[in-house]
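Notes to accompany the following structure.
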2 protein chains.
Amino acid sequence: MLKGSSLYKEVALLKNYLTKNRLKLTQQRETILEAFLRVDHITAEELYREISKKKRQRMGLATIYRTLNLLCEIGIGQQRHFDENRTIFDNVLHKKHHDHLICNKCDKIIEFESPAIERLQEEMAARHGFTLNNHRLELYGHCLDWKKCRDWQKSADR
Amino acid sequence: MLKGSSLYKEVALLKNYLTKNRLKLTQQRETILEAFLRVDHITAEELYREISKKKRQRMGLATIYRTLNLLCEIGIGQQRHFDENRTIFDNVLHKKHHDHLICNKCDKIIEFESPAIERLQEEMAARHGFTLNNHRLELYGHCLDWKKCRDWQKSADR
DNA sequence: CTGTATTTTGAGAATCAGAATCAATATCAA
DNA sequence: TTGATATTGATTCTGATTCTCAAAATACAG
Ligand SMILES: [Mn+2]
Ligand SMILES: [Mn+2]
Ligand SMILES: [Zn+2]
Ligand SMILES: [Zn+2]
């Protein structure tokens with residue numbers, strides 16, 4: 001385990017899952033976990049470039065995909081499909097269920113939850129004789145404030 | 001234009017759009033339109049097999065894709081992505097905006113609309129300083145009634 | 001109706017994200 | 001430390017959709 005990391009608990013969570021399943025804690029898995037937990041939403045490709053830039057070690061794109069999927073199994077990540085033909089991985093470590101509001105102009109992603117909407121969804125399902133397993137609610141639009149929209153666009157930490 | 005078709009109006013709609021854009025009304029476009037208007041939701045591949053079965057004429061898969069996209073431009077169809085890696089085309093000719101309830105067991109698709117939910121969505125967007133362009137709401141679950149679930153599964157006309 | 005310019009078609013190649021292969025390498029428990 | 005086992009990364013493969021382009025169909029002026 002890396003010294004000086006502020007992610008002892010998170011790495012422990014990963015290690016625990018791995019051990020329980022006779023899997024191994026590798027350097028790349030740890031590196032990927034750390035980089036992933038630093039962001040909110042990211043694609044495999046972006047994470048790959050992010051890690052490669054700091055080229056602390058060789059890292060194959062396939063490993064990024066494999067590990068990201070592993071994190072989803074553990075429950076640390078979740079796949080999102082805001083636009084078809086690319087998967088965005090959502091870091092949900094300290095988050096509960098939420099839906100998304102997405103700006104088509106600056107790609108800002110806002111997370112929200114609406115108990116009222118969730119209730120109406122259940123009601124609608126029941127009305128049609130359905131038991132709900134999950135749902136997907138995505139709202140697309142644009143920021144009213146162009147300045148904010150641009151500022152977000154320019155900021156690197158997304 | 002085919003004789004005996006009950007789709008004069010719809011074919012006219014297509015022809016009108018085509019003429020307006022210096023495009024041509026071909027046999028395959030008419031065949032695809034007719035087959036498409038016969039269903040609610042269908043993939044390009046399914047429509048391809050459907051038409052090939054009745055092999056009234058040779059028809060390339062690329063033509064199906066091209067024409068389905070054309071119908072979407074006209075507003076007769078709309079792409080859906082209930083599961084990533086395959087596009088379902090929704091025949092929306094006589095439908096207004098609606099969302100979907102999908103059975104994970106039998107693939108039944110129920111269309112619904114909820115003004116109450118739509119209102120709450122707008123409210124949520126406004127709260128975050130957003131103007132809404134569109135949204136995606138999909139509810140996944142399963143039919144309570146297994147019998148109905150199976151019956152649906154067996155019925156051909158989907 | 002006919003000739004001609006223009007669009008469309010179908011077969012197959014190209015694309016692209018993501019998964020599968022597999023020999024070489026790393027991990028871990030005894 | 002050793003050896004069984006899992007993992008890695010380079011590469012190939014996959015599958016849905018789009019692209020290419022020569023041959024065929026269509027529209028429309030005459
Ligand atoms: Mn999120
Ligand atoms: Mn529909
Ligand atoms: Zn914005
Ligand atoms: Zn069902």
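Since we're looking at a predicted model, the values are computed, not measured. So that the names make sense, note that chain A is the first sequence line, chain B the second, and so on, each numbered from 1.
- The listed nucleotides are D:dG9, D:dT26, D:dT7; the one nearest the side chain of B:Thr26 is D:dT26.
- Under a hydrophobic-cluster definition in which Ile, Leu, Val, Met, Phe, Trp and Tyr are linked whenever side-chain heavy atoms come within less than 4.5 Å, directly or via other members, A:Phe112 and A:Leu120 are assigned to the same cluster.
- Here D:dA27 presents its P atom at 11 Å from CG of B:Leu14, a figure rounded to the nearest Å.
- One interatomic measurement links the two molecules: CD of A:Gln57 to P of D:dG9, which rounds to 8 Å at whole-angstrom precision.
- Counting non-hydrogen atoms under 4.0 angstrom, A:Glu45 reaches nothing in the nucleic acid.
- Results of the side-chain contact (heavy atoms from CB on, under 4.5 Å) test with B:Thr63 over B:Thr31, B:Ile51, B:Ile32 single out B:Ile32 as the only residue that passes.
- Comparing D:dA25, C:dT9, D:dT5 by their closest approach to the side chain of B:Lys24 singles out D:dA25.
- Between A:Arg86 and A:Glu46, the shortest heavy-atom distance links the atoms NH1-OE2, 4.0 Å.
- Mapping B:Ile64 and A:Leu61 onto DNA chain C by nearest heavy atom places B:Ile64 at the nucleotide closer to the 5' end.
- Residue B:Tyr65 has a polar side-chain atom (N or O) positioned under 4.0 Å from OP1 or OP2 of D:dT17.
- A straight line from CG of B:Leu25 to P of C:dT9 spans 10 Å, rounded to a whole angstrom.
- At a threshold of 4.0 angstrom between heavy atoms, the contacts of B:Thr87 are confined to the sugar-phosphate backbone, with no base atom among them.
- With C:dG10, D:dT7, C:dT8 as the candidates, the nucleotide lying closest to the side chain of B:Met59 is C:dG10.
- Note on ring orientation: taking the six-membered ring where Trp is involved, the planes of A:Tyr140 and A:Phe82 are perpendicular (angle over 60°, cut-offs 30° and 60°).
- A:Gln28 has no side-chain polar atom (N or O) that falls below the 4.0 Å cut-off from OP1 or OP2 of C:dA26.
- Counting only heavy atoms from C-beta on, B:Lys15 has its side chain closest to D:dA27 among C:dA11, D:dA27, D:dT8.
- A donor and an acceptor atom, one from each side chain of A:Glu138 and A:His81, are nowhere located under 3.5 Å apart.
- Side chain of B:Arg29, nearest nucleotide from D:dA4, D:dT8, C:dT8: C:dT8.
- Contacts between residues 66-82 of chain A and DNA chain C, counted as heavy-atom distances below 4.0 Å, involve A:Arg66, A:Asn69.
- Along DNA chain D, the nucleotide nearest to B:Ala62 and the one nearest to B:Asn85 differ in position, and the one closer to the 5' end is contacted by B:Asn85.
- Using a 4.5 Å cut-off on side-chain heavy atoms (C-beta onward), B:Thr67 and B:Phe36 make no contact.
- Straight-line distance from the CG atom of B:Asn21 to the C1' atom of D:dA27: 15 Å, rounded to whole Å.
- The side chain of A:Arg22 places no N or O atom within less than 4.0 Å of a non-bridging phosphate oxygen (OP1 or OP2) of C:dA29.
- Residues A:Gln78 and A:His97 have side chains not in contact (no heavy-atom distance under 4.5 Å, counting atoms from C-beta outward).
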